[in-house]
Amino acid sequence: MNFTPQQLAGGGSYNCKTRVGNWHEDVCLEETKFADFKRARATGTLTMGMFNKKVATCTSAVPHSFSEDGCLRYGDSIVIAHKETGGSLACDPFESAGFDNNEFAASVCESTSSMARNTFVIVKAEENSDDDLVRWGTPFRIMCNQSLRVDDKTNMLQPPLYLASNLKNERKASPLSNNQLVYMTPKPSYSTCWVANMPALDKFSGASRMLAVGEPITVGCDVALQHCATRQLLSSDSKLSMQTDFGTEYEVCGKTNVKTGKISVMAGEFSGQRTPATNCKPELSQNVWSFVTSADPAAGEEFRNLPPPLSPEGLIAKVLGILKARSKNAVRGLKSAFKAMDDVGDYKLDKEDLKWGLRDLGVDLDDEQFGVLFTYFDKGGDGIISLTEFLTAIRGEMNDFRVGLVLAAYDKLDADGSGLVNIDDIVSLYNIEADPMVAEGVKTVDEAVKEFMSLWETDGNGVVTKEEFIEYYKDLSAEIDDDAQFELIMQSAWGL
């Protein structure tokens with residue numbers, strides 16, 4: 001047997017445990033994956049957990065309206081049954097329908113039993129209308145159930161989703177048949193408007209359809225749902241099945257399916273007489289739907305405890321809550337961070353400044369939530385907001401009881417009544433041992449004094465005016481919910 005010089009010299013031979021390449025990079029990758037797993041487990045975003053949550057939310061029980069007189073009304077929660085497949089229209093707000101993140105999947109599920117994903121609400125397309133009855137030929141919108149829009153992070157309802165469609169193009173088309181895409185969107189534009197027409201039983205049904213316009217729609221009758229913008233009918237076909245997270249379902253799209261044959265009326269053509277053209281081609285069963293309400297009056301009663309809709313006030317409370325949980329003196333820290341970003345010194349912030357400033361402080365809002373918050377403060381619509389107005393809204397105002405305590409503390413400091421107090425005098429009179437961080441041993445007295453002095457805005461002159469003193473306690477007051485606790489803090493700090 002021949003040996004290499006290295007082997008003869010006693011060098012180590014290759015074995016399966018020898019690490020080849022950048023093995024440190026592999027170790028770091030494994031550590032990163034494990035860190036991502038722990039973070040996802042802590043936040044409840046593991047894939048299996050998200051799937052179970054999605055199924056539980058979409059299949060949860062919801063109110064199903066009962067119609068006493070058999071007429072369909074705006075605000076009714078209904079199931080939209082499909083004749084050809086025997087299923088019902090459904091949506092999945094957790095599944096994207098295309099390239100746009102604000103477009104969500106719609107399909108036809110096999111069940112007609114009421115649940116969150118297949119129970120829709122009929123809402124008005126024109127808010128100025130006083131009529132509460134849904135009528136033939138009158139535009140309306142089909143809104144998803146509110147149970148699908150609960151945001152666990154903010155404990156608020158996200159904007160509702162509406163059934164929509166657009167003309168087919170190279171980016172938007174139904175996945176199986178390549179027809180006009182039908183999806184759910186939060187934007188209530190003209191693309192979300194639909195009308196219900198009376199389906200044609202034969203080619204002579206055109207007159208009956210025209211005469212029915214304006215009459216109330218009765219529940220359970222056949223309807224053809226026409227998209228207002230594209231004039232295509234809502235369609236589904238049992239031949240176009242697909243697998244979703246909920247099992248076998250059917251594609252829903254915009255396509256008008258009609259019987260073949262001639263419908264032209266030419267009887268008076270040679271005599272020069274005009275003949276009314278009321279004939280029409282009958283729709284196939286793929287385009288026939290029905291609005292189904294509950295047969296039990298008790299099923300329509302509200303039993304859910306839904307949170308309030310997404311609002312600027314709710315988001316402001318969320319921002320303050322995150323800041324309070326993150327650190328002490330949260331409002332002061334927020335003010336300092338944004339002032340550091342204000343290079344010009346005009347106390348103005350643009351959209352990007354506010355977005356990334358909040359994110360650096362641990363406030364991570366999605367685009368929809370941030371848009372609601374920014375629009376609320378952008379009074380002029382120019383993309384610029386006032387920093388002072390934003391901070392005032394975050395911290396709120398002190399009530400009269402707290403203002404009285406603050407003024408009493410300042411008057412004790414301002415012994416000569418000049419309205420000016422030196423920062424050194426404040427520090428010398430402030431009972432620093434009353435600070436909870438000092439009492440718990442987290443900080444030393446010197447560290448607490450240094451931090452306390454850094455919180456005061458004295459314009460570099462070392463003097464704290466009454467207005468600056470009140471501003472400091474306005475920031476502190478925002479973090480204390482109870483008046484009694486605020487009073488105790490003032491008493492222990494200033495010996496009131």
Side-chain angles (χ1 to χ4, degrees), residues 58 78-112 116-123 125 139-145 148-149 159-197 199 222-246 248-258 283-292:
C58 289
I78 49 113
V79 173
I80 304 177
H82 186 241
K83 187 173 184 178
E84 200 266 344
T85 61
S88 60
L89 184 67
C91 65
D92 184 354
F94 300 89
E95 186 74 26
S96 176
F99 296 99
D100 194 333
N101 291 332
N102 285 326
E103 296 177 357
F104 302 96
S107 61
V108 171
C109 66
E110 294 184 328
S111 174
T112 56
R117 67 184 301 255
N118 75 336
T119 303
F120 296 85
V121 180
I122 302 295
V123 296
F140 56 83
R141 290 190 172 97
I142 301 174
M143 185 179 78
C144 78
N145 200 279
L148 299 175
R149 303 301 289 162
L161 300 178
Y162 302 94
L163 190 70
S165 186
N166 288 107
L167 289 172
K168 186 180 73 171
N169 55 46
E170 66 278 3
R171 290 174 60 87
K172 285 186 180 180
S174 57
L176 299 182
S177 62
N178 199 35
N179 290 317
Q180 188 170 297
L181 180 66
V182 173
Y183 55 92
M184 305 296 296
T185 179
K187 303 173 183 177
S189 61
Y190 191 57
S191 64
T192 60
C193 292
W194 302 79
V195 294
N197 294 326
D222 291 343
V223 298
L225 296 174
Q226 186 177 49
H227 188 239
C228 292
T230 62
R231 314 306 295 174
Q232 292 294 318
L233 297 180
L234 189 66
S235 174
S236 185
D237 195 327
S238 59
K239 298 177 182 178
L240 300 174
S241 62
M242 55 186 179
Q243 293 298 317
T244 69
D245 290 338
F246 304 93
T248 302
E249 297 191 341
Y250 306 100
E251 178 192 77
V252 61
C253 62
K255 181 185 178 184
T256 301
N257 301 280
V258 294
E283 289 86 9
L284 299 179
S285 58
Q286 288 91 333
N287 291 135
V288 180
W289 306 77
S290 61
F291 298 124
V292 181

Please test Ser107 against Arg117 for side-chain contact (heavy atoms from CB on, under 4.5 Å), starting from the C-alpha separation and ending with a verdict. CA-CA 10 Å; Ser107 61; Arg117 67 184 301 255; 3.9 Å; yes
Going through the checks in order, is the side-chain contact (heavy atoms from CB on, under 4.5 Å) test met by Trp289 and Leu233? CA-CA 10 Å; Trp289 306 77; Leu233 297 180; over 6 Å; no
Given side-chain contact (heavy atoms from CB on, under 4.5 Å), test Glu84 with Tyr250 step by step and report yes or no. CA-CA 11 Å; Glu84 200 266 344; Tyr250 306 100; over 6 Å; no
Might you work through the salt bridge (Lys or Arg N to Asp or Glu O under 4.0 Å) test for Arg171 and Glu103, ending with a clear yes or no? CA-CA 13 Å; Arg171 290 174 60 87; Glu103 296 177 357; over 6 Å; no
Run Cys109 and Ser88 through side-chain contact (heavy atoms from CB on, under 4.5 Å) and show every step you take. CA-CA 6 Å; Cys109 66; Ser88 60; 3.4 Å; yes
List the steps and the verdict of side-chain hydrogen bond (donor to acceptor under 3.5 Å, both in side chains) for Thr230 and Gln180. CA-CA 9 Å; Thr230 62; Gln180 188 170 297; 2.8 Å; yes
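Between the side chain of Arg141 and the main chain of Pro188, a donor-acceptor pair closer than 3.5 Å is present. Using a distance-only test at 3.5 Å, with no hydrogens or angles considered, a donor-acceptor pair links the side chain of Asn287 to the main chain of Leu234.
Between Asn257 and Ser235, the shortest heavy-atom contact is ND2-OG, 2.9 Å. The shortest heavy-atom contact between Cys193 and His227 is O-CD2, 3.6 Å. Among all heavy-atom pairs drawn from Thr256 and Arg231, the shortest one is OG1-O, 4.0 Å. Closest approach of Thr185 and Tyr183 over heavy atoms only: CB-CE1, 3.8 Å. Nearest heavy-atom pair across Pro159 and Arg149 is O-NE, 2.8 Å. Shortest non-hydrogen contact noted between Thr248 and Ser241 is CG2-CB, 4.0 Å.
With values rounded to the nearest 0.5 angstrom, Asp92 atom CG is found 10.5 Å from Met184 atom CE. The distance from the CZ atom of Phe140 to the CD1 atom of Ile142 is 5.0 Å, given to the nearest 0.5 Å. Interatomic distance, Cys58 SG to Phe94 CZ, rounded to the nearest 0.5 Å: 5.0 Å. Going from atom CG of Leu163 over to atom CH2 of Trp194 covers 5.0 Å, rounded to the nearest 0.5 Å. The line from CE of Met143 to OG1 of Thr192 is 11.5 Å long, rounded to the nearest 0.5 Å. How far CG of Leu89 is from SG of Cys144: 11.5 Å, rounded to the nearest 0.5 Å.
If you check the side chains of Gln286 and Ser236, you find no donor sitting under 3.5 Å from an acceptor.
A heavy-atom distance below 4.5 Å is found between the side chains of Leu225 and Ile80. In this structure, Val195 and Cys228 have side chains that are in contact, with non-hydrogen atoms separated by less than 4.5 Å.
When each of Glu251, Lys239, Lys255 is tested with Ser177 by the rule side chain to side chain donor-acceptor pair (under 3.5 Å), just one qualifies, namely Glu251.
Under a cut-off of 6.0 angstrom, the local environment of NZ in Lys83 is sparse, with at most 12 non-hydrogen atoms contributed by other residues, nucleotides or ligands.
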